[in-house]
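A quick write-up on the structure given underneath.
For this chain, numbers begin at 1 and follow the sequence in order.
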Amino acid sequence: MIANSPPLLRAAAICKTYRTPDHIGRLVLDHLDFTLGEGEIVAILGKSGSGKSTFLRILAGLIPASDGQVEYRGRPVLEPAHGVAMVFQSFALFPWLTVLGNVELGLEAQGVTAAERRRQAVAAIDLIGLDGFENAYPKELSGGMRQRVGFARALVVNPDILLLDEPFSALDVLTAETLRNDLLDLWSESKIPTKGILMVSHNIEEAVEMADRILIFGSDPGRINAEIPISLTQPRTPESPQFRQIVDQVYTLLTTVPGRDGRRGAKPESIGVGYRLPDAAVQQLTGLIDSLTEAPFNGHADLPHLADEASLDDDELFPLLEALQLLGFAHISAGDIDLTAAGRQYADADMQTRKQIFADAVLKHIPLAAHIRRVLDERPGHRAPAARFLRELEDHLSEDEAERVLDTLINWGRHAEIFAYDYDDEVLSLENF
């Protein structure tokens, strides 16, 4: 960030509430304050559902905040602002338009003449490395090339600010790395007019490689839980001790769950029935525990090393780590994971004993499971429709998230034989009835 320069973008006390069909407000973002300064790249990391993309869309003027204010160069943002451009994860190209046609769209919306549109679009296409493909259609392009079109479409309007919503996540590792490096080269060599970049990412090493600051989002509702400044010079070396230290710090912040901060003996903070359970299947949890007990880990692992050995990306690993902590099977601290006594007991047990250990952990630590079991115990027929619990979850979560959380809990509960589930009738029941 350039010293003493005013912020390009400022967000003050941003809140976002979505109304459910029964008019109950669901708070998604809670009083977020943020500034983007000239000359800096900021990355946002957080678990799925923490409101990262919603925040980005509010900053872009694509959706309104429920409360608070966004300013671009001191002016309120009430609609999409000239000078702010966005690149999406899903490419978002019109299949019936050529590369040139897709890139020209933003200029056309600004009323630029056809000749000038073509000149600027061709220049942006050349800049992003797609020269020769001006007349190709999206279906003719690889994923990496399609995302380059998305970048060209954003850059052609000469934006002060680029907002990037996981722009590399749909690409394979090598393609993502190439595109990321090309963007950093354009930025560092001042070949693009952009003065600031805000990027949502799910990849820790990507964020540490690119950003001057990383914001860690909490969830339910979304808040900025931590901010990590990064002073490493560019280009950065992922193998350097300083880089690895920051990666470990981010892993620690992202994998801490309520009341389970990795300190042995820390008193757990209870979670509620409507807690957003991680999307973690029992089979994956068991596989990760088994991996942790084997060499080279023997019950202890550095999280980045574990991710590499288990061939899991961050989006796959984080839900599993959160679940292991919630269930009391692991501690996470300073970027490392240790199996607890319960985790080791589970790893050493036979199949039937594992089910009992898992059942005890779910009923002890997951309020939704205990609630469902209590309802089934108390009902004369020991049966209840899944819709009953889905409605309760929708008081806390969106419809899609409520359904996902209940599906996760059903997976856990059936495996542990806490209850049975009839998918045809969508009814939960006790195993013995």
Original post:
How about Phe34 and Val42: do any of their side-chain heavy atoms sit closer than 4.5 Å?
Top reply: yes
Subject >> Pairs involving residues 357-366, ordered by first then second residue, that meet salt bridge (Lys or Arg N to Asp or Glu O under 4.0 Å) (sequence neighbours left out) >> reply: none
**OP:** Looking only at non-hydrogen atoms, find the nearest pair between Ile357 and Ala342 and report the distance.
**Re:** CG2-O, 4.5 Å
**OP:** Output the distance between atom CD1 (Ile128) and atom CG (Leu183), rounded to the nearest 0.5 Å.
**Re:** 7.0 Å
Subject >> N/O donor-acceptor pair under 3.5 Å between Asn102 side chain and Leu93 backbone >> reply: no
**OP:** Tell me, with the steps shown, if Thr178 and Asn181 meet side chain to side chain donor-acceptor pair (under 3.5 Å).
**Re:** CA-CA 5 Å; Thr178 300; Asn181 289 338; over 6 Å; no
**OP:** Kindly say whether Pro159 contributes a backbone atom to a donor-acceptor pair with the side chain of Thr194 at under 3.5 angstrom?
**Re:** yes
Subject >> Exam field: side chain Thr340 to backbone Phe329, donor-acceptor pair closer than 3.5 Å >> reply: yes
**OP:** Provide the closest heavy-atom pair for Ile14 versus Ala11 in the form atom of the first, atom of the second, distance.
**Re:** CG1-CB, 3.7 Å
**OP:** Please report the shortest heavy-atom distance between Pro138 and Phe94, naming the atom on each side.
**Re:** CG-O, 3.7 Å
Original post:
Can you name the salt bridge (charged side-chain N to carboxylate O under 4.0 Å, His left out) partners of Asp248, sequence neighbours left out?
Top reply: none
Original post:
Roughly how far apart are Leu321 CG and Leu303 CG, rounded to 0.5 Å?
Top reply: 5.5 Å
Original post:
Think Arg354 forms a cation-pi with Tyr346, using NZ or CZ under 6.0 Å from the six-ring centre and within 45 degrees of its axis?
Top reply: yes
Subject >> N/O donor-acceptor pair under 3.5 Å between Ser66 side chain and Thr17 backbone >> reply: yes
Original post:
Any side-chain donor-acceptor pair under 3.5 Å between Asp302 and Tyr251?
Top reply: no
Original post:
Minimum heavy-atom separation for Tyr72 to Ala81, with atom names?
Top reply: CD2-CB, 4.2 Å
Subject >> Check: Gln234 side chain, Glu209 main-chain N or O, donor-acceptor pair, under 3.5 Å >> reply: yes
Subject >> Carboxylate-amine/guanidinium contact Arg75 Glu71, below 4.0 Å >> reply: no
**OP:** Please list, chain by chain and in numerical order, all residues satisfying side chain to side chain contact (heavy atoms under 4.5 Å, CB included) with Lys355, sequence neighbours excluded.
**Re:** Gln352, His415, Glu417
Subject >> Between NE2 on residue His305 and CD1 on residue Ile337, distance to nearest 0.5 Å >> reply: 13.5 Å
Original post:
Do side-chain atoms of Glu403 reach the backbone of Asp400 as a donor and acceptor pair under 3.5 angstrom?
Top reply: no
**OP:** Could you walk me through whether Phe419 and Tyr421 pass ring pair (Phe, Tyr, Trp, His ring centres under 6.0 Å), step by step?
**Re:** CA-CA 7 Å; Phe419 48 70; Tyr421 182 64; 8.2 Å; no
Subject >> Under 3.5 Å donor-acceptor, Ser398 side chain and Glu401 backbone >> reply: yes
Original post:
Distance only, no hydrogens: is a donor on one side chain within 3.5 Å (strictly under) of an acceptor on the other, for Asp338 and His331?
Top reply: no
**OP:** Give the C-alpha distance, both sets of side-chain angles, the deciding distance and a yes or no for salt bridge (Lys or Arg N to Asp or Glu O under 4.0 Å) between Arg57 and Asp165.
**Re:** CA-CA 9 Å; Arg57 282 160 172 74; Asp165 191 7; 2.7 Å; yes
Original post:
Between the side chain of Glu40 and the main-chain N/O of Gly37, is any donor-acceptor distance below 3.5 Å?
Top reply: yes
**OP:** Measure from the side-chain N and O atoms of Asp425 to the backbone N and O of Val427, and report whether any donor-acceptor pair falls under 3.5 Å.
**Re:** no
**OP:** Name all residues meeting the side chain to side chain contact (heavy atoms under 4.5 Å, CB included) criterion together with Ser142; count only those two or more places apart in sequence or in a different chain, and write none if there are none.
**Re:** Met145
Identify each donor-acceptor pair in which a side-chain atom of residues 406-413 lies under 3.5 Å from a protein atom, sequence neighbours left out, and give them as a table.
from, atom 1, to, atom 2, distance (Å)
Thr408, OG1, Arg404, O, 3.1
Asn411, OD1, Val282, N, 3.1
Trp412, NE1, Ala280, O, 2.7

Original post:
Which heavy atom of Ala136 sits nearest a heavy atom of Leu141, and at what distance?
Top reply: CB-CD2, 4.0 Å
Original post:
Are Asp67 and Lys16 close enough for a salt bridge, meaning some N to O gap below 4.0 Å?
Top reply: no
Original post:
Side-chain donor-acceptor pair under 3.5 Å between Asp350 and Thr353, yes or no?
Top reply: yes
**OP:** Might you work through the side chain to side chain donor-acceptor pair (under 3.5 Å) test for Thr175 and Asp172, ending with a clear yes or no?
**Re:** CA-CA 5 Å; Thr175 301; Asp172 64 80; 2.7 Å; yes
Which pairs of donor and acceptor atoms, one on a side chain in residues 198-207, lie under 3.5 Å apart (sequence neighbours left out)?
from, atom 1, to, atom 2, distance (Å)
Ser201, OG, Asn203, N, 2.9
Ser201, OG, Asn203, O, 3.3
Ser201, OG, Glu206, OE2, 2.7
His202, ND1, Glu166, OE1, 3.4
Asn203, OD1, Glu205, N, 3.1
Asn203, OD1, Glu206, N, 2.9
Glu205, OE2, Arg244, NH1, 3.0
Glu205, OE2, Arg244, NH2, 2.9
Glu206, OE1, Arg180, NH1, 2.9

**OP:** Give the C-alpha distance, both sets of side-chain angles, the deciding distance and a yes or no for salt bridge (Lys or Arg N to Asp or Glu O under 4.0 Å) between Arg344 and Asp348.
**Re:** CA-CA 6 Å; Arg344 290 178 182 274; Asp348 294 338; over 6 Å; no
**OP:** Using modelled atom types only, decide if a donor and an acceptor are shared between the side chain of Lys52 and the backbone of Gly46 within a distance under 3.5 Å.
**Re:** yes
Subject >> Separation between CD1 of Ile418 and CD1 of Ile372, rounded to the nearest 0.5 Å >> reply: 9.0 Å
